[in-house]
Every structure is written in structure tokens, then in C-alpha cells.
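Each remark here refers to the structure printed beneath this line.
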Amino acid sequence: MRNLILVMTNRLGRMLAAIGLVISLGLTGLPAHAEDSPTIAKPITSASVGIQMFGWNWNALADECTNYLGPNGYDWILTLPPQEHKTGNQWWVHYQPVSYKLESSAGTRAEFAHMVSDCNAAGVKVVTDAVVNHMAGGRGIGFAGTEYENADFSPLFAANDFHSGLAKSDPHYCSTDISNWNAFDERTNCKFPGLPDLATEKSSVRQKITDFLNDQLSLGVSGFRIDAAKHIQPADLKAIKSLLIRDAYFVQEVAGSNTIAQEYLGTGDVWAWDQQQFATDMFSSPGYANLGKSFDAASREYGLGDQALTWVTNHDTDHHGGGVTYNQGKLYQLSFAWILSEPYGKPMLYSGYAFFDENAEAPQNVSGKIEKPYCASSTEVKFNKKIPTESTYDQGDFTCVERWKPLTGMIGWRDAVGDGVKKYVYAKTGVYGFARGTQGYVVFNSNARSFSASKLKTGLPAGTYCDHYSGGKSPIKLAGKTCSGLAVTIAKDGTLTTKLAGLSALAISSASRLK
């Protein structure tokens, strides 16, 4: 009977979403209590693996969760902002809200609800990008037909709901753009250039933001990336989070200084910008992976601990530079494999699309809706065979990182090594390796040429092992012990001697032992 009630509740929630009704807090598309849904109830921890699915529409995401993300071991996804946004063919229009209707170029409210339900059913939690610091600049008509003009977003927000519309005597008043990006009052009260800044210290504004987030939680969303969190006061975010109908994962974008990022740890996780710079230093060019030997000491100084979200690139760095991107071929793949191998923080990968114009939106149809992605390659990064540090994507191709065999293999390796302590660190020009307890060993060769590894100390018992990196998530068939990847031998003294191809990695674990 209990299961029948839950099924009926789910169906009713979808019916309400399909006709566009606002779901009340007492009648939700999924059970009101997180413990009733295993996917929602399962927390995002350092054992979890996430991926930002940038430019994906809701219907395509629903299919990807079912067919690839869930089966390949991804625990959560970060989606586009789901709210109505200004119209245009640039990717950044998604970050200029016009209303809090769940209607956008990524799909309708009903399609969004369907995607969340399907992803949860596949064991993949949904985290959405929450743009709650500001609204769209200028004037126009949003994607769902909402008119706006000069900070008037009636009936959602009026001019006095923004810092520029407060009384000039109000300590939060500011009508200019930010110029000092680190000064507390200025960065949290003034405008992200050209965008009206919400007065999040007002209880009425907080309530409307909370209603928007609660609406998504009622549909089964698990958490939020707080866009431009650095420009919202931590106390405001705490107040907003306290009004949610249930606990939700928060990861906050606080660019730059770790000192400033630490101000936000009381509300949730933060993006680890120094770690991302480390990834850039290690993998932007061949031959620098050995820089990883100092990562442990550096990460201890970040002051973020387990609340660090580790990453290589996101929608900003992918389009505007500052990180390793799909253009860098096999180095891109190695950089993702590296963050999956490290015990520090919570890793999030990135899956986007190729473009010639850095402002370009994902391919759209004549109605301005995002089209179904075309995956350029299902299992391997597309690289120039003559120059493997360059990619060969056509404009509009999706990279579909989540399908790459080496990365699904590294997820399997990460699961196998668990919380194994890092030891036996090895570093030589372009090469970096280490063990994770007695559960596994990984080594990266970021040189363009092959590397002959001799007697690398692994901590593993003698035997033959199958490589996760070349073999995928399940490199061996347990019954017949058939290896689908590279097979290597650990000597009696626990050392590894092998030849590692250029721009590749080797990852073995106790779970991949053949004999």
C-alpha cells in the first residue's frame, strides 16, 4: 500500500507539472520527506562524482541519466539554470533571469519535472544552477513571454526589491557597478555589471527566492549551485537556506580568494579555485603532471577541507579561457582522470559542446529551443591523431565526457580505492603516480612520448591486474577474469614495471586483480 501511495503521488505530481500548476508545499511531485527517496536522501560526499551537463536540454538529460550517467557511476549532475531567461543565442542569457517560471530554452516545466524524476530513478541526483543574486539587465521579453524593464519584474520583483531602488540612506543602497570585487559591501550590494542586484537582506525577497528553490525541491531536485554567491552576503544565504522545505546540497561560486570562500563554508560547499589552477598548471601543456607532487601540501593550505568542489573547467572557463578545455585533446581527459584520483574534495567533471564563438549557445532550433545534442564520440575524446594534444570537434558537437571509457574507468577505480590514504608518491618530468592505501595505484604520463616505468612502489600484492583507465568502469568480468583493458603485473616486492603510452594513465586496484 505504501508503494502504491508513492507511485500515485509521483503520477499526480507529474500531472500537475504538465499543466503548469504551481505545486504547493503540501502536494509535491515526489515524497515530501527525503528519506522516502533513496536518491534524494543519499548525501553528496567526497565519494560522490558529479558532472556539469552544460547546454543539455531536459529531454536529452532524462535519456542521458537513464542510458549513460546512472550506469556509468555518476552520482549527480549540474544543469543549466531552469528559470525563464532573456532571449538570445548566447549561452549567458541563462544567467539573466526574467521570472522564476520553470520555462526556458532547455524545456518546459513538465519536461524539467520529467527529467528530474528520470534522473532520480537512475540514481543520479539533480543539482540546478540557481541565479538568485540578480535579474536580467535592460528591457525586453523573456523566453516565456514575461516583459521586463529597468529592474521592474512585476509581479515577482519591483524596483525597491533591488539595491539600486532602496532609499539612498539605506546602508545597502548602491546604484553603480562593482569596481572593487573583493570589498565586502561593494561586492554584495552593487551591480554585477549591468545587472540589477537583488536586495537579499529583505525578508520578502528572501521568501520569493526560497519559493523558487522550494518549487524545484518539490519536484525532486537535490541541491543548487549558487551562482555569484560571492556577491550575496553569507547571512542572506543562511537565511534563505533555513527556509527550504528540506535539506539541500549547496555549492557556492565564490571566485578568487580562499579567504573570502571560507566566509561561505557555514552555508555549504565552495568551488576550489586554487585547485582548478593546479589542474591548469599540470595539464595545459605536455610534461607537467609531476607538479602534482606538491598538491597535497598546497590543498592543506586552502582552508576548504571536505567542502571543496574540485574541478577542471566550467561554463565560464570553457568559453572564456583560464582552464584546460576540450581543445587540448588527451590532456583534457587526463586532467579529469586526475581529479577523480585525488582524495581531496568532491570532484565535478564538465560536459559541454564545441564552438567557434565564445558566446555561442548550444545549437538551437528556429524557435530558440536547445536541440538534442549530437555526441561526437561515445567512448573517447576526439583528438588529432598527428597532434593528440589538439581536438577535432566540429562546431556544435557535444563532447559527451560522461561516456568516455577512461573516465568511467576512473570512477570505478575511485569506488574501489574508497578512502585509501595517499602514499608512495612518484614524480618525474611529466609523470606523476601514487597509491591509495593498499587498494589501488595510479600513474599519469602527461608527456607526448611513452614512459618506461621501472619498479614503481604500489603497495599492492603481487599479481596480474587489469587497468581501469583503458578497460572502463568494469575492466574485468568477475566470473571468467577476462580483462578488457591493459593487463599489468605487480612483482613480488609490490613494484610495477611497465611502458606507459604518451598522454595516458594506468589505474589498477584490488578489484581489478586477475590473478
Side-chain angles (χ1 to χ4, degrees), residues 273-296 298-299 310-314 317-342 344 347 349-352 354 376-377 379-393 397 399-401 404-407 409-410 413 422 424-434 441-454 456 467-471 485-486 488 496-508:
W273 290 84
D274 283 354
Q275 168 276 320
Q276 187 267 347
Q277 183 60 54
F278 225 102
T280 303
D281 293 343
M282 288 175 67
F283 296 105
S284 286
S285 302
Y288 291 96
N290 55 291
L291 295 177
K293 65 183 178 182
S294 60
F295 178 70
D296 292 343
S299 62
T310 59
W311 57 296
V312 170
T313 193
N314 65 8
T317 57
D318 187 45
H319 288 83
H320 297 318
V324 187
T325 71
Y326 71 89
N327 289 308
Q328 287 156 295
K330 285 194 170 183
L331 285 168
Y332 189 49
Q333 186 167 265
L334 278 180
S335 65
F336 286 134
W338 173 65
I339 66 168
L340 288 172
S341 71
E342 292 283 356
Y344 176 72
L349 278 56
Y350 178 84
S351 184
S377 180
T379 60
E380 178 70 52
V381 60
K382 288 192 72 175
F383 61 92
N384 186 321
K385 291 183 179 179
K386 292 183 179 180
I387 309 175
T389 54
E390 295 181 1
S391 67
T392 57
Y393 294 99
D397 285 358
T399 59
C400 300
V401 164
W404 293 354
K405 182 183 288 186
L407 300 186
M410 287 304 299
W413 182 87
K422 191 174 173 182
Y424 304 138
V425 174
Y426 174 86
K428 189 173 183 178
T429 304
V431 181
Y432 176 50
F434 54 85
Y441 184 81
V442 64
V443 58
F444 301 91
N445 179 18
S446 70
N447 297 303
R449 296 181 178 180
S450 61
F451 174 75
S452 294
S454 179
L456 301 181
D467 173 35
H468 287 264
Y469 191 80
S470 58
L486 176 69
V488 296
L496 169 68
T497 298
T498 189
K499 188 173 184 178
L500 190 60
L503 303 174
S504 70
L506 176 73
I508 54 178

Using distance only, find each side-chain donor-acceptor pair of residues 276-283 under 3.5 Å and give its atom names and separation, not counting sequence neighbours.
{"from": "Gln276", "atom 1": "NE2", "to": "Val312", "atom 2": "O", "distance (Å)": "3.1"}
{"from": "Gln276", "atom 1": "NE2", "to": "Gly322", "atom 2": "O", "distance (Å)": "3.0"}
{"from": "Gln277", "atom 1": "NE2", "to": "Asp281", "atom 2": "OD1", "distance (Å)": "2.9"}
{"from": "Thr280", "atom 1": "OG1", "to": "Gln276", "atom 2": "O", "distance (Å)": "3.0"}

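Smallest separation of non-hydrogen atoms from Pro286 and Ala448: CB-N, 4.2 Å. In terms of heavy-atom proximity, Leu331 sits nearest to Ser285 at CD1-C, 3.8 Å. The heavy-atom pair separating Ala289 from Gly430 by the smallest distance is CB-O, 3.5 Å. The nearest pair of heavy atoms linking Ser335 to Val324 is OG-CG1, 4.1 Å. Across Phe336 and Leu349, no two heavy atoms sit closer than the pair CD2-CG, 3.6 Å. Taking all atoms of both residues into account, the shortest heavy-atom contact from Phe444 to Ala505 is CD2-CB, 3.7 Å.
Rounding to the nearest 0.5 Å places CZ of Arg449 at 15.5 Å from CG of Leu500. Taken from OG1 in Thr389 to CG in Leu334, the straight-line distance is 11.5 Å, to the nearest 0.5 Å. One finds the CD atom of Gln333 at 5.5 Å from the CG atom of Leu407 (value rounded to the nearest 0.5 Å). With values rounded to the nearest 0.5 angstrom, Ser452 atom OG is found 5.5 Å from Lys499 atom NZ.
When side chains are defined from C-beta on, Val431 does not count as touching Ser446, because their heavy atoms never get closer than 4.5 Å. Within the 4.5 Å cutoff, the side chain of Leu506 has no heavy atoms near those of the Val442 side chain. No side-chain heavy atom of Trp413 sits less than 4.5 Å from a side-chain heavy atom of Leu340. Considering only heavy atoms from C-beta on, Leu503 stays 4.5 Å or farther from Asn445 through its side chain. Between Asp467 and Val488 the shortest side-chain heavy-atom distance does not fall below 4.5 Å. Tyr326 has its side chain within reach of Tyr393: a pair of non-hydrogen atoms, C-beta onward, lies under 4.5 Å apart. Side-chain contact between Leu456 and Thr497 is absent, with no heavy atoms from C-beta onward closer than 4.5 Å.
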Review point. Run the side chain to side chain contact (heavy atoms under 4.5 Å, CB included) check on Phe434 and Tyr426 step by step: do they pass?
Key: CA-CA 6 Å; Phe434 54 85; Tyr426 174 86; over 6 Å; no
**Study point:** side chain to side chain contact (heavy atoms under 4.5 Å, CB included) between Trp338 and Met410, intermediate numbers included
**Key:** CA-CA 9 Å; Trp338 173 65; Met410 287 304 299; over 6 Å; no
Practice item. Evaluate the side chain to side chain contact (heavy atoms under 4.5 Å, CB included) criterion for residues Ser284 and Gln328: first the C-alpha distance (whole Å), next the side-chain angles of each, then the deciding distance (0.1 Å), finally the verdict. Key: CA-CA 7 Å; Ser284 286; Gln328 287 156 295; 3.8 Å; yes
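The side chain to side chain donor-acceptor pair (under 3.5 Å) search around Asn290 returns none, not counting sequence neighbours. Lys422 pairs by the salt bridge (charged side-chain N to carboxylate O under 4.0 Å, His left out) definition with Asp296, Glu342, not counting sequence neighbours.
In this structure, Tyr469 has its ring center no closer than 6.0 Å to that of Trp404. Separation of the Tyr344 and Phe295 ring centroids falls under the 6.0 Å cut-off.
Test Thr313, Thr399, Asp318 against Tyr350 for side chain to side chain donor-acceptor pair (under 3.5 Å) and you get one pass: Asp318.
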